[in-house]
Amino acid sequence: MNSTAETVPVISKVRLGRSTSSALIGGGIAIVAALAIMPYLLDERFFYHIAILVCFAAIGASSLHLIIRTGHVSLCHAAFIGVGAYVSANVVMKLGFPFVGGLVAGTLAAAGLGLMIGPVILRLTGKYFVLITFLFGEILRMVFVDWQSITGGANGLSGIPAPAPVFAEPKYFYALALLAATACVAVCGRILSSETGRFVNAIRESEQLTECVGVPVIRTKVMIFVIACGFAGFAGALIAHYARYISPPNFGPLESLNLVIMNVIGGMQTLVGPLLGAIFLVLVPEFLRGYVQLQHIMFGVILILVMAFLPAGVVGVKDWVARRMIPHDRRGEQ
Amino acid sequence: MIKISRRNALAGIAAAAAIATVSSTALAAETLRIGAIGSLSGGGTAWGLAIKRGAELAIDEVNQAGGLSVGGKNYNLELLMYDDQYTGQGGKTAAERLVFQDKVKYIVGPIGSNPVLSAMEVTTPQKVLLMSNGYTPKILDNEHKASYNFRFTLTNLEYAPSMMKWVKENLKVTKVGILVPNDAIGQSVAPPLVKLYQDNGIQTVVDYYERGSKEFSPLITRLMAAGIDGFDINFNAPGEAGLMVKQARQIGYDKLVYQMGGPSVPEIIEVAGQHSEGFISYEMFDFDAPSAQPFVKAYAAKYGKGIINSQTPAFYNATKILIEAIRRADTVDDTTKIRDAVEKLAGYDAGVYGPVRWTGKAIYGVDHQLALPFYVVEVKNGKPVTRAVLSVD
Amino acid sequence: MLSMLTNPTILGQIVVNGMSLSSIYILVALGFTLLFGIMRVVNFAHGEFAMLGGFAMYYLYAVFSLPWVAAILLAPLAVAIPALFLEWLVFRWFYQKMFQSMIGLLGLSIVMIYSALLTWDAFERNIPAAFDGILRFAGVILPIDRLVTIGVSALALGAFYFLMVHTRIGLAMRAAAQDVEIAGTQGIDTRKIYRVAFFVAILLAALAGALYGQVYAVSPFMGERPLFVAFIVVILGGMGSIPGAALGGLILGFTESFLGTFYGGSVASYASFGAVILLLIFRPWGLLGKPE
Amino acid sequence: MSPLLEVHKLSRFFGGLRAVNDLSFTVSSGEIFGIIGPNGAGKSTAVNLVSGVTKPTSGKVRFQGTDVTGQPPHKLVQYGLARTFQSTTVFGNCTVEENCRRGSYLARYPGFFHSFFSTSKAGEMRQASDSRVAEVLEWLDLHRVRNVRAADLPYGAQKTLGMAISLMAWPKLLMLDEPVAGLSAAEADNVRDTIRKIRAEGISVVVIDHNMRFMAGLCDRILVLHHGQELAHGLPQDVLSDPNVIEAYLGRRYVKA
C-alpha cells in the first residue's frame, strides 16, 4: 500500500498546463465580456438584434448545460422555451397582466411542466433519454400547432406587446436581455460551483455509486431539470416580448438540436462551452448569410471539422494549445 | 473554423468588421440595392429560389437596358438576399439586417405567413416596402392601415368565390374530400374553404396531415370510404399534391380529382405522370401563353430547363412593378412616395400578367392586393389545357 | 367505422399500404441501427444516402433508360461505392463517439442536401413507374409498384439476413456489435468490419431511396422523412437490434396505415408518438433490444 | 444481542428465473459475514436486494429492527447500510480526496439553498466533512495519494478507495461486492487487512466473493448460495467441508476424494 505513492503519477504533475488552462478560461470570460459591451460601442441596431439573439441562445444553452451536467442530453429544451413564450404571451395579451406577470407565469409554467415529466423521464439515461425527450418535444410542437385557441396554431401569435414601450427599441431591450442572460449564467455557474454541483458531477460520472453514498439521485436530477426548464421558460417569455410574434417552428426539434449543438460545439465539460457555443451558433450563420446558396454547405463543413478535430468542443482549443506546449502530455480524449 | 474562433478570440471588433464586410460589398454610388427575403433552407427552398430568380430576371432586364435613371442619376440594380429558413425568427433577423445594416428601402419576399408576419414587425415601422406573399389576411389587414405592404399573388379570399362558382357549375360535385397540411397555410385556408363549400350546399370531409408526409393512401382510403365524389387537393406543396393525385389513382379512386387553389400544374404532372390525366386545377400562371414566352426563355437561359415554380413570375412581376414605381416616383429614398406610386400604377403592364389592378379594400381595408387573372386548366395527354380564364370579382 | 373494418377492399388496402411503408422503413432503419450497433455512430446523414439512391435510380432508369432490374441493382452500388470515400474522409473520425458523431454527421447531412440542391435544383422529379397498373384480386385493389417494393425489400432483407447469420464477416459484425474491444482482442480486424458495415448500411439506405424515389418522388430534401422514420423505428425496435428494426418497421408502417385510415393523420401521429414514449418509459431498450 | 440485519425469506424472480429464492440470514454487530457461491449463484442479486438497488419479489429486510424492504439505496445509507460495487467502485476522473468528499453527502450537503448562498451552516458542514475525509484517508493509508486521479491508482488501492467512499457515510454495516476480484494474492491480503480494520471500528461487514481461500480466512460465518438458494450456512470450516458445497463448486467427482 505504501508503495502506491511512488508508482503512480501525482495529478498536479499531469496537469502541468493548469495555469495556462485557467488563463484560457479567464481569457474566454474576458472575450465574452468584451463581446457583451461591443454592441454599445458600435451602436448599430442590427448588432443589438444579433446580440439579443446571442443572449437568448446563451440562456437556453447554459440552462440546457445544467441538465447535460447531470448526464442527460435533452432534445426538447426549445419546447420548454415555447411553453414559456406561449404562456407569457397569453397571460399578458388575454389576461391583461403586465410583462413581469407574463415572465413569472412563463417561467413557472415551464418549470411546472418540467416537474410533471421530470420524475418519469429522468429514470431513463443516456440514449434513451435523448430519444424520449426528442419525442416529447415533437409532441409539444404538435400541441403548439393544434391548440389554436391558445397558440394561434401554425400561424402563431402576433402583436405581442414589448415589455414596456421603451423596450421596443433593441438598444434598450439588449440591456434587459444582457441582464437576464448574465443573471441566468451566473445562477447556473453558482449551482455548478456549489456543493450541489459536486454531487451533480458525481451523478453524471456514476449514478449507481452516487445513489449508494446517500445522494437522492432522482430528486436531485429532477430539481436541476426543473430549474433548467424554468430558465427555458424565462427565455421563452423574453423571446415572445422581443420578437412580438411567435410560431411553432421557433420551438421545434431543430431549435432544440441547435441548443445541443451549442453545448457540443462549445464543449460539454464547463459552463464556458455553451456560452462560446451560443456565440458561435448565432454569429457563424450570420457571417455566412451573405453567401446565399453556399451558406449551409459552409456551415455543415464547419460542424464536421469542429467535431472531428475538437471532439471536446471549442473549449478543447485549450487542450490543443496545451498539447503543443507539453509534447508528452496524455491524450485528451473524453 | 479555427480561424473564425481565433478571430473571435482576438477581438470582437474584428468579428463585427467581418460581418460588415460580408454584407456591405462596397456601396458604389451608382448601385441601388433591392432587398429580398426568402427561404433557402429546408422544405421552403423552392419558394426562396422562386423569389431569387424572379427578382434577378427583372433586375437583369433593367440593367441590360442600361439601368434605372432616377433624379438625374443612373443606377445599376443589385439584389441582396437573405435566407429566412421559412421561420418567423429567420424572417425577423433577415429583415433587421436588410433594413438596419444594409439600409435597404424595399424588399421582395418573403413567402409564407410566419416569415412575412415577423419581417413586417421590422419593415413597417421603418416605412420599408415589403412585396410579399402569405395566406394570412393580417399581412394587409393590420394595425398599420395604409401600410407599406403589397401582396402579389392571390389568396383563397380572392379567387375562391369565382372558382367555387365555376366548380359548382361545371363539376357537379356533392361531397368533397379535402386533405390539407397541418401548418400555417392549411390552418389559414381550410376553415374558410369548408365554409364556402357548405354555403354552396356541398358536403366536405376534411383531414389534416403533418407536413413532410409522403404516404397519403391511408388518408385517401378513409376519404373514399366516406363516399366522396370529388377530391380537392388544395394548398399542398407541389410534390405532395402530385403524390396525392398519383396515390389516389393507384388505390383505385376513379372519381374527380381537382384543386381549387394551390401549386402549379406542371409540377403535379411531373410527379403524378400518367395519373394526372383529367386532373382539373386552378392555375395562377399560364406558361404556354404567348405573352409568357420571353420570360420562360430568359429563365431557361439563366437557370436551365427545369420546372419553373409558379411563384417565379409573381416575383418577377413584383420586382418589375417596384422598379417602375421607383422610376415614376423619381426618388430612391422616399418610400412613402414610392408606395403612393405603386398604388397609382394601375394600367401598367409588366409583361406577364397584363395591366396592374389593385383590389382588397373590401376585405383588408386597403387596396394593396394585386388582382390577377387566373385559369382553370385540365390535364389532357400530359399537358395542361386551359378550360376557363377567371378573374377576381 | 365498423363497416370500414369489415370491408375487404379497405382491409386489403391497409395491409398493402402497411407492408409497403414498412418495407421501406425497415431498409432505412436496418442500416441506421447497424451503424449505431457497431460503430456507435448516430448517422444523421442516413436519409441523404437514401436521397442519393433516389437520384441514382432517376439517372439510371429515367434518364439512361437501363432495364429496371439493372437499375435497381446498380443504383445502390453507385451510391455505396463512392460513399466509401466519405467513410474515409468523414465517418472514421466519429466511430465510438455518440454525440460528436451526431453533430458532425448532421453537418455532413447539411452539406449533402445543399450540394444536391445546387446540382439538381429544388423541384421534385418523378421516376416513371416500372410496373404501373392495378391488380384486382377478390375485390382488393393492389397497386403493382407497391407489391414490387415489398418484394424487392423482402429479397434485400433475406440477403442481409444471410450475410449476418451465415457468413464469417456477418458473424464478425455481430461480435463487434456485442463488444468492439473484445472482438478486437479476438483477432477481428475492426477497421475492416467498420468498412463492411458502412458499405452494407449505405447499400440498404440507397436501395430504400431508389424504391422510395420511384414510389414517391426524388428531390434534395427527400431524405428527411426516411431519417425521421428510421429514428423512431429504431427506438421502437431497440437501438442496435437488427430484428428489432424489422419489427419496429412493421409496427410503424401498419400503425400509420391503420390509424391513418380509421382516425386520420393527426391521431395517427399523436398515437404513434405516445405509444413509443410509453414503450420507452416501461421498456427503454425497445421491443427486441437488450437492457444494459 | 439483537441482530443488526435480518433477511427473511427474500426472493427475486426475473421472468421465470429464480435469481434468489427464499434467502434468510442475520448479521450481528461487529461481525464479518460472508456469502459465497459459484458464478451465477445469485450473490450479486442478493446484495442488490438487501441494499435496495433491486426490489425484491417477496420477503423482508429488517435493519436494526426497522423494516427497510424495498427502500431505495440512498435511504438505506441514511439508516446506516452502505455498499460497494463490483465494477464501478470509484469516480475515476477525480482525485482520491474528491472521491471521499463525494462519499460524504450526508455529512456535507446542507441543502440547495444553503449550498447556493454558502451560508455558515454550509461552511460548518464542509469543514466537518473535510476533517473526516482527512481522518479516513489517514486511517486507510490513502493520505499519500490523496491528490492522485483515482483511475491512476493500482487496482487494489481502488478497491480500498471504494471502501473509503462508502465509509464516509458512517455506516453501521458495509456490504462489499467481490472486493478482491481481479487482485493479486498480495493485494488481496491488503484488502483483507483493511476489512479487519473496518470491523475493528465496530462496523459490521458483509462480504460477497467466490474465492474460498480468501473468505475462509476472513469471515466469522459463511453462507453458501447455489442457484439462488441457501446450500449451507455456518462457521467457515464446517461449511467448506460440506460435501454439497464441494460438489457445487468442484463437481461431483471431487466429493469422495
Interface residue of largest heavy-atom contact number with chain C, from A:Ala308, A:Pro253, A:Gly313, under 4.5 Å | A:Ala308
Considering only heavy atoms, give the residues of residues 220-234 of chain C separated from chain A by less than 4.5 Å, sorted numerically, with 'none' for an empty result.
-> C:Phe228, C:Phe231, C:Ile232
Identify every side-chain donor-acceptor pair in residues 259-267 of chain A under 3.5 Å, counting partners at least two apart or on other chains, and give the distances.
from	atom 1	to	atom 2	distance (Å)
A:Asn263	OD1	A:His65	ND1	3.2
A:Asn263	ND2	A:Ala61	O	3.2
A:Asn263	ND2	A:Leu259	O	3.2

Heavy-atom pair with the smallest gap, counting every atom of A:Leu303 and C:Leu106 | CD1-CD2, 4.5 Å
Could you tell me which portion of A:Val145 (side chain, backbone, both or neither) has an atom closer than 4.5 angstrom to a non-hydrogen atom of chain C?
-> neither
Using non-hydrogen atoms and a 4.5 Å limit, figure out which bit of C:Leu118 sits close to chain A: side chain, backbone, both or neither.
-> side chain
Pairs flagged by salt bridge (charged side-chain N to carboxylate O under 4.0 Å, His left out) wherever residues 104-123 of chain C is involved - sequence neighbours left out | B:Arg53-C:Asp121
Let me know if A:Phe134 has heavy atoms under 4.5 Å from chain C in its side chain, its backbone, both or neither.
-> side chain
Counting heavy-atom pairs under 4.5 Å to chain A, which of C:Leu279, C:Ile277, C:Ile281 comes out on top?
-> C:Ile277
Top contributor to chain A interface from C:Val90, C:Val42, C:Leu105, C:Val111 [non-hydrogen pairs under 4.5 Å] | C:Val111
Toward chain C: residues of residues 113-124 of chain A with heavy atoms under 4.5 Å = A:Val120, A:Leu124
Go through the steps to decide whether C:Trp93 and A:Ile304 satisfy the test side-chain contact (heavy atoms from CB on, under 4.5 Å), and finish with yes or no.
-> CA-CA 9 Å; C:Trp93 298 99; A:Ile304 297 173; over 6 Å; no
Is atom CZ of A:Arg219 surrounded by more than 12 heavy atoms (other residues, nucleotides or ligands) closer than 6.0 Å?
-> no
Measure across C:Phe44 and A:Leu257 and return the closest heavy-atom pair with its distance rounded to 0.1 Å.
-> CE2-CD2, 4.0 Å
Taking C-beta and beyond as the side chain, do C:Phe99 and A:Val130 meet within less than 4.5 Å on heavy atoms?
-> yes
Got C:Tyr270 and A:Val143 here, is their nearest side-chain heavy-atom distance under 4.5 Å?
-> yes
Please check if the side chain of C:Gln100 supplies one atom and the backbone of A:Met307 the other of a donor-acceptor pair under 3.5 Å.
-> no
So OH of C:Tyr114 and CD1 of A:Ile297: to nearest 0.5 Å the spacing works out to 9.5 Å
Sort C:Met98 into side chain, backbone, both or neither according to what part of it lies under 4.5 angstrom from a heavy atom of chain A.
-> side chain
